[in-house]
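Order of listing sets the numbers, starting from 1, for every ligand and every atom in it.
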Amino acid sequence: MQFKTIIEPFKIKSVEPIRVTTEDERKQYLEAAHYNVFQLDSDDVLIDLLTDSGTSAMSNAQWSAIMSGDESYAGARSWKRLEAEIRDLTNYPYILPTHQGRAAEHILYGFLGGKDRVFISNTHFDTTRANIEVTGATAIDIPIPEAKDLSLEHPFKGNMDVIRLRSLIQEYKAENIAAVILTVTNNSGGGQPVSMGNARAVSSMCKKHGILFILDACRIAENAYFIHHRENTYSHRSYREIAQEMFSLADGCIMSAKKDGLVNIGGFLALDDGGLAQACTNRLIITEGFPTYGGLAGRDMEALAVGLREVFDPDYLHYRIRSTAYLGEHLRAKGVPIVYPVGGHAVYIDAKAFYPHIPVDKYPGQALVCELYITGGIRCVETGSVMFGKYDKDGQLVPAPKELVRLAIPRRVYTQSHMDYVIEVFDELIRTRQDAIGLRITYEPRFLRHFTAQFERLH
Ligand SMILES: *Cc1c(COP(=O)(O)O)cnc(C)c1O
């Protein structure tokens with residue numbers, strides 16, 4: 001008998017209380033935070049869906065492994081264990097530990113980047129783009145055309161447009177392309193999966209032209225789940241085998257272990273090429289640390305070694321993907337416009353469609369983020385024009401292609417009743433839809449402005 005209820009495949013051994021706040025309190029907190037939820041104290045948040053990054057609950061096995069951490073500066077046993085685990089998974093010979101994903105990006109793309117260099121991706125994640133652009137290089141996103149249609153059914157909406165890839169290679173010339181980066185799953189494009197067929201096509205085009213092919217593998221296990229269930233010939237392959245096959249198609253990977261590593265901090269860079277690995281190791285020593293710990297404590301490396309195994313557990317992955325879909329499908333049934341089909345780690349809401357009365361230069365996504373916090377104490381993030389907007393030479397906003405709001409689900413943290421609460425909060429937001437108001441930016445930094453920008457509500 002297959003039951004409908006998706007039970008959490010774990011018992012809870014340690015609990016972390018969350019403080020219940022009133023709507024009036026939340027109004028004050030949000031005003032003090034200049035309507036930027038990144039500036040809120042987490043103690044003032046009820047359900048924190050800001051990110052799935054570094055927010056996982058660790059297992060009893062991971063907490064036990066932490067006690068066996070070897071904190072030696074050089075040649076630590078914990079490093080050997082982690083290195084063996086990553087090598088078994090990825091089969092790349094050169095492995096560099098870093099304190100998180102962007103440190104690996106800084107090392108690799110800082111080395112490969114520079115003026116006139118071009119990077120091509122299905123979608124560059126925000127830190128990826130920032131680490132590329134800061135070197136003076138150009139980052140070009142080429143998701144498949146189907147990804148533009150937010151509600152179009154497509155099993156692999158995270159795919160890269162391989163036809164565009166071919167024409168970009170002709171346009172820019174292979175020798176100017178620093179790397180092609182395939183992000184799995186495609187985070188900024190909606191947490192959407194990439195098929196093995198697409199990865200294979202990208203791989204062979206890169207090989208043909210001698211272009212470096214890097215996997216941004218933050219959510220490779222979640223991506224493997226989708227391949228197993230949606231791509232014809234993979235239903236009899238294990239999630240881990242699917243991930244291993246995908247690693248085999250690329251020349252290396254970057255991973256923020258704060259996602260599918262099931263840890264609170266960590267990352268790594270793994271490469272096939274010894275020369276490139278040597279250059280990156282030199283940079284690693286300057287910015288992160290000695291190559292047998294990078295930016296990590298021995299105990300962090302132990303927890304990550306266990307997490308990289310646990311994440312491929314079929315019961316875990318089923319619960320993970322199905323519970324994200326549970327939230328998305330319930331919101332959709334209420335008429336909330338979401339990116340469909342639901343991705344792996346998050347539900348994305350189309351704020352432009354939800355608040356059609358708020359123009360894009362008044363940031364409908366940020367308005368929804370504020371309403372969710374005030375009404376329900378729920379924290380999430382705008383991934384529209386606040387995050388990706390630019391200005392033209394007259395200082396006019398060039399909006400992002402989409403005004404999305406991301407509800408990211410931390411791994412193994414919230415139960416179905418927490419999700420039922422979130423769904424109920426949306427009933428209220430639907431009822432008061434017309435009252436929602438836009439915002440104006442009063443302060444912004446040059447890079448990654450969404451983290452520290454300040455806003456004013458337009459009454
Ligand atoms: C989180 C993330 C990164 C950056 O990793 P951090 O650990 O946050 O520095 C890079 N790429 C993708 C797709 C990510 O989701």
Side-chain angles (χ1 to χ4, degrees), residues 38 49-56 86 96-110 112-113 119-134 139 141 143 147 157-160 179-194 199 214-224 226 243 246-247 250 252-270 284 287-288 294-296 300-301 303-304 307-308 311 320 324 343-348 380-381 383 387-388 404 406-411 447-448 450-451:
F38 282 97
L49 307 183
L50 187 65
T51 176
D52 65 321
S53 178
T55 51
S56 302
I86 296 173
L96 285 68
T98 61
H99 79 279
Q100 60 183 85
R102 73 196 67 184
E105 293 175 334
H106 181 69
I107 288 168
L108 181 63
Y109 304 142
L112 296 172
F119 291 79
I120 302 169
S121 176
N122 46 347
T123 307
H124 293 84
F125 181 65
D126 58 358
T127 62
T128 317
R129 174 173 288 277
N131 270 300
I132 288 168
E133 289 179 347
V134 83
D141 290 340
K157 254 174 146 172
N159 282 355
M160 182 182 287
V180 168
I181 305 165
L182 194 61
T183 311
V184 297
T185 56
N186 190 351
N187 184 345
S188 309
Q192 299 291 329
V194 175
I214 298 294
L215 271 187
D216 182 335
C218 296
R219 299 180 181 81
I220 186 112
E222 293 173 4
N223 199 80
F226 287 110
M246 196 165 260
F247 282 119
C253 74
I254 270 177
M255 181 155 182
S256 166
K258 299 170 73 172
K259 321 310 183 1
D260 274 354
L262 295 177
V263 289
N264 305 118
I265 196 76
F268 60 86
L269 168 62
L284 178 81
T287 58
E288 288 288 283
L296 296 170
D300 296 334
M301 297 193 281
L304 175 52
L308 285 173
V311 77
R320 168 70 179 158
T324 305
H345 68 284
V347 173
Y348 285 74
C380 54
V381 66
T383 64
M387 195 181 264
F388 298 114
L404 301 180
R406 184 184 76 181
L407 306 179
I409 321 292
R411 294 169 181 77
F447 290 106
L448 299 176
H450 56 284
F451 288 136

Can you list the ligand 1 atoms lying under 4.0 Å from a non-hydrogen atom of [X]?
| X | result |
| --- | --- |
| D216 | 10 (C), 11 (N), 12 (C), 13 (C) |
| G101 | 5 (O), 6 (P), 7 (O), 9 (O) |
| S256 | 5 (O), 6 (P), 7 (O) |
| K258 | 7 (O) |
| T183 | 13 (C) |
| T127 | 3 (C), 4 (C), 10 (C) |

Do [X] and [Y] have side chains that approach each other closer than 4.5 Å (heavy atoms only, starting at C-beta)?
| X | Y | answer |
| --- | --- | --- |
| H124 | E133 | no |
| L308 | I86 | yes |
| Y109 | V134 | no |

**Item:** Whether C218 lies under 4.0 Å from ligand 1, heavy atom
**Value:** yes
Which value, rounded to the nearest 0.5 Å, describes the distance between [X] atom [atom1] and [Y] atom [atom2]?
| X | Y | atom1 | atom2 | value |
| --- | --- | --- | --- | --- |
| E105 | I132 | CD | CD1 | 7.5 Å |
| Q100 | E288 | CD | CD | 8.5 Å |
| T183 | I220 | OG1 | CD1 | 11.0 Å |

**Request:** Considering only non-hydrogen protein atoms, determine which one is nearest to atom 10 (C) of ligand 1 and report residue, atom name and distance to 0.1 Å.
**Result:**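 Looking only at protein heavy atoms, the one closest to atom 10 (C) of ligand 1 is E105 OE2, 3.2 Å.
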**Nearest-contact summary for atom 2 (C) of ligand 1 - protein heavy atom, Å** =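 Among all protein heavy atoms, the one nearest atom 2 (C) of ligand 1 is K259 NZ, 2.4 Å.
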**Request:** Report the part of R102 in contact with ligand 1, treating N, CA, C, O as backbone and CB onward as side chain, heavy atoms under 4.0 Å; options are side chain, backbone, both, neither.
**Result:**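 Both the backbone and the side chain of R102 come within reach of ligand 1.
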**Request:** Answer yes or no for K259 and F125: cation-pi contact, defined as NZ/CZ to six-membered ring centre under 6.0 Å and angle to ring axis within 45°.
**Result:**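 Verdict for F125: a cation-pi partner in K259.
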